Amino acid sequence: MATIKYKGEVFSVKVNETVLDTLLNNGIAVKNSCRSGVCQSCVLKAEKGSLTEKSQQGLKDTLKTQGYFLSCMSYPENDLEIVSSTELQIPVTIIDKKMLNSDVLYIKLKYEKDFSFYAGQFINLIRNDGLTRSYSIASLPSEKSIDLHIRILPSGQMSNWLSSNASLGEKLYIEGPIGDCFYSGDKKEQPLLMVGTGTGLAPLYGILCDALGQNHQGEIHLFHGALNFSGLYLIKELFLLAEKYSNFYYYPSVLKNEIEEVNQLNQLNQEVKVGAIDKLVFQTIKKMKGWRAFLCGNPELVYSLKKQLFLAGVSLKEIYADAFLPSAK
Ligand SMILES: Cc1cc2nc3c(=O)[nH]c(=O)nc-3n(C[C@H](O)[C@H](O)[C@H](O)COP(=O)(O)OP(=O)(O)OC[C@H]3O[C@@H](n4cnc5c(N)ncnc54)[C@H](O)[C@@H]3O)c2cc1C
């Protein structure tokens, strides 16, 4: 049976236990969120002992060589001596905060040391007590700050705290950036498809602004879905971009067309599509071979659309997806 040495204490790893399980079961607080190897919030560093390939999957090579690993994916085969990864954390301050609609909070973070990222990647936001959640970056690196769109969940620990308790000037930490969901600028003529529901718009908005700013030549089609009209946001801004750039097409869509919202739709004087977003994508775009796709937000939609796009001829290498997995309980 392998053991873990952490802060002077030694713990035995039980059968089928990960390093994260062992530490949590022994009352050690380790920050974590998705517990499925995606969000990277449970990263720890091994100072002694060898690591399995799976426990380092998805980490940057520079982190792998230094012994960082995902504790939720680590079933140790030998004894490990580990330390926390606080040196990866970057202090940030909330410098702006407002509502984008009744459920979506916008916050702007200023970072206090160098931080390189691409719009569309995600960061882990860490509260002083260690509560950690992943959020996608909606702003460009040239802005020298990080914009987040956060959906407030009725019993959500981080989202509620950010909306009700955190004020301007609040200090937090971030780790990252993580992920490959961003505009690489390598194929300027390639048509781009972007699909997201709810705050899945956050990374897509960042990627869109990056692509337009880098003079992307191919068509860009953005589908943003919500249950009903009040769930959409940045509608005016996106219609303005569609007016300004002839290669950009924006399709706000709702699952239900509520009667009381008809007035709002009329005021907008623009078309809002009604129906399931994946059906709308295929009704609107008939041939997708050769396209690049970005899919973000609701995990079920992301996984199902990924499969449907593949079957429609989009290469898996051209599909970039971030499923917003909830934190594990
Ligand atoms: C790669 C990645 C990127 C992400 N980017 C964003 C982003 O840009 N914006 C954003 O708002 N969120 C994003 N998320 C989700 C985010 O990390 C949190 O899970 C979310 O904000 C809820 O955290 P919380 O602490 O408020 O709620 P919790 O306290 O974790 O959850 C409270 C309750 O809500 C449920 N719940 C959690 N998430 C959801 C959900 N999405 N839908 C329905 N019920 C849920 C939980 O099961 C629980 O019952 C992302 C997640 C990942 C993995």
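Keep in mind that the numbers below use all heavy atoms, side chains included, and drop hydrogens, waters and symmetry copies. Along the sequence shown, the residues carry numbers beginning at 1. All values reported here derive from a predicted model rather than from experimental measurement. One-based numbering, in listed order, for ligands and for the atoms of each.
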K.L.:
Are any of the N/O atoms on Asn160, whether in the backbone or the side chain, positioned under 3.5 angstrom from an N/O atom of ligand 1?
P.N.:
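No; the residue has no nitrogen or oxygen that sits under 3.5 Å from a nitrogen or oxygen of the ligand.
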K.L.:
Say whether Glu219 and His221, considering side chains only, have a donor N or O and an acceptor N or O under 3.5 Å apart.
P.N.:
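Yes.
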K.L.:
Could you tell me whether the side chains of Asn247 and Gln217 share a donor-acceptor contact shorter than 3.5 Å?
P.N.:
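Side-chain D/A pair, Asn247 to Gln217: absent.
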K.L.:
Strictly by modelled atom types, are Ser145 and Lys108 linked by a side-chain donor-acceptor pair under 3.5 Å?
P.N.:
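Indeed, the side chains of Ser145 and Lys108 share at least one donor-acceptor pair under 3.5 Å.
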K.L.:
So is Ala323 in contact with ligand 1, going by heavy-atom distances below 4.0 Å?
P.N.:
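Yes.
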K.L.:
Under 4.0 angstrom from ligand 1, any heavy atom of Cys34?
P.N.:
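Contact check Cys34 vs ligand 1: negative.
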K.L.:
In ligand 1, which numbered atoms sit nearer than 4.0 Å to a non-hydrogen atom of Phe122?
P.N.:
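Result: 1 (C).
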K.L.:
So, does Gln56 use its side chain to make a donor-acceptor pair with the main chain of Tyr68 at under 3.5 Å?
P.N.:
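Indeed, once roles are kept as given, a pair shorter than 3.5 Å links the two residues.
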K.L.:
Counting heavy atoms only, name the option from Arg151, Arg133, Gln121 that's nearest to atom 18 (C) of ligand 1.
P.N.:
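Comparing heavy atoms across Arg151, Arg133, Gln121, the nearest one to atom 18 (C) of ligand 1 lies in Arg133.
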K.L.:
Atom OG of Ser134 and atom CZ of Phe324: how far apart are they, to the nearest 0.5 Å?
P.N.:
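Rounded to the nearest 0.5 Å, the OG-CZ separation comes out at 9.5 Å.
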K.L.:
Within the 4.0 Å heavy-atom shell around Gln157, which atoms of ligand 1 are there?
P.N.:
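Numbered from 1, ligand 1 contributes 24 (P), 25 (O), 26 (O), 27 (O), 28 (P), 29 (O).
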K.L.:
Could you list which atoms of ligand 1 come closer than 4.0 Å to a heavy atom of Met158?
P.N.:
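This gives 24 (P), 25 (O), 26 (O) as the contact atoms.
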K.L.:
Just which atoms of ligand 1 are under 4.0 Å from any heavy atom in Ser155?
P.N.:
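Under 4.0 Å from Ser155, ligand 1 has these atoms: 29 (O), 32 (C), 33 (C).
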K.L.:
Numbering the atoms of ligand 1 from 1, which are under 4.0 Å from a heavy atom of Ile150?
P.N.:
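Matching atoms, with element in brackets: 11 (O).
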K.L.:
Using a 4.0 Å cutoff against the non-hydrogen atoms of Ser327, which atoms of ligand 1 qualify?
P.N.:
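Here the atoms of ligand 1 in question are 19 (O), 28 (P), 30 (O).
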K.L.:
Show the nearest heavy-atom pair for residues Pro141 and Tyr118, with the distance to one decimal.
P.N.:
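So the minimum-distance heavy-atom pair works out to CG-CA, 4.5 Å.
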K.L.:
Flag this pair as yes if the NZ/CZ of Lys98 is under 6.0 angstrom from the six-membered ring centre of Tyr106 and inside a 45 degree cone about the axis; otherwise no.
P.N.:
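Satisfied, under 6.0 Å and within 45°.
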K.L.:
Relative to atom 38 (N) of ligand 1, which among Ser163, Pro326, Ser41 owns the nearest non-hydrogen atom?
P.N.:
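Going through Ser163, Pro326, Ser41 one by one, Pro326 has the nearest heavy atom to atom 38 (N) of ligand 1.
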K.L.:
Quick check on contacts: which atoms of ligand 1 are under 4.0 angstrom from a heavy atom of Thr199?
P.N.:
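Heavy-atom distances to Thr199 below 4.0 Å select 9 (N), 10 (C), 11 (O).
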K.L.:
Return a yes/no value for Ser159: is any of its N or O atoms, backbone included, closer than 3.5 angstrom to an N or O of ligand 1?
P.N.:
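Yes - when backbone and side-chain N and O of Ser159 are compared with those of ligand 1, one distance drops under 3.5 Å.
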K.L.:
Taking all non-hydrogen atoms of both residues into account, name the closest pair between Phe115 and Gly176 and its distance.
P.N.:
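In this case the closest contact between Phe115 and Gly176 is CE1-O, 3.4 Å.
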K.L.:
Among Leu24, Leu70, Leu23, which one satisfies side chain to side chain contact (heavy atoms under 4.5 Å, CB included) with Asn32?
P.N.:
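The option that passes is Leu24.
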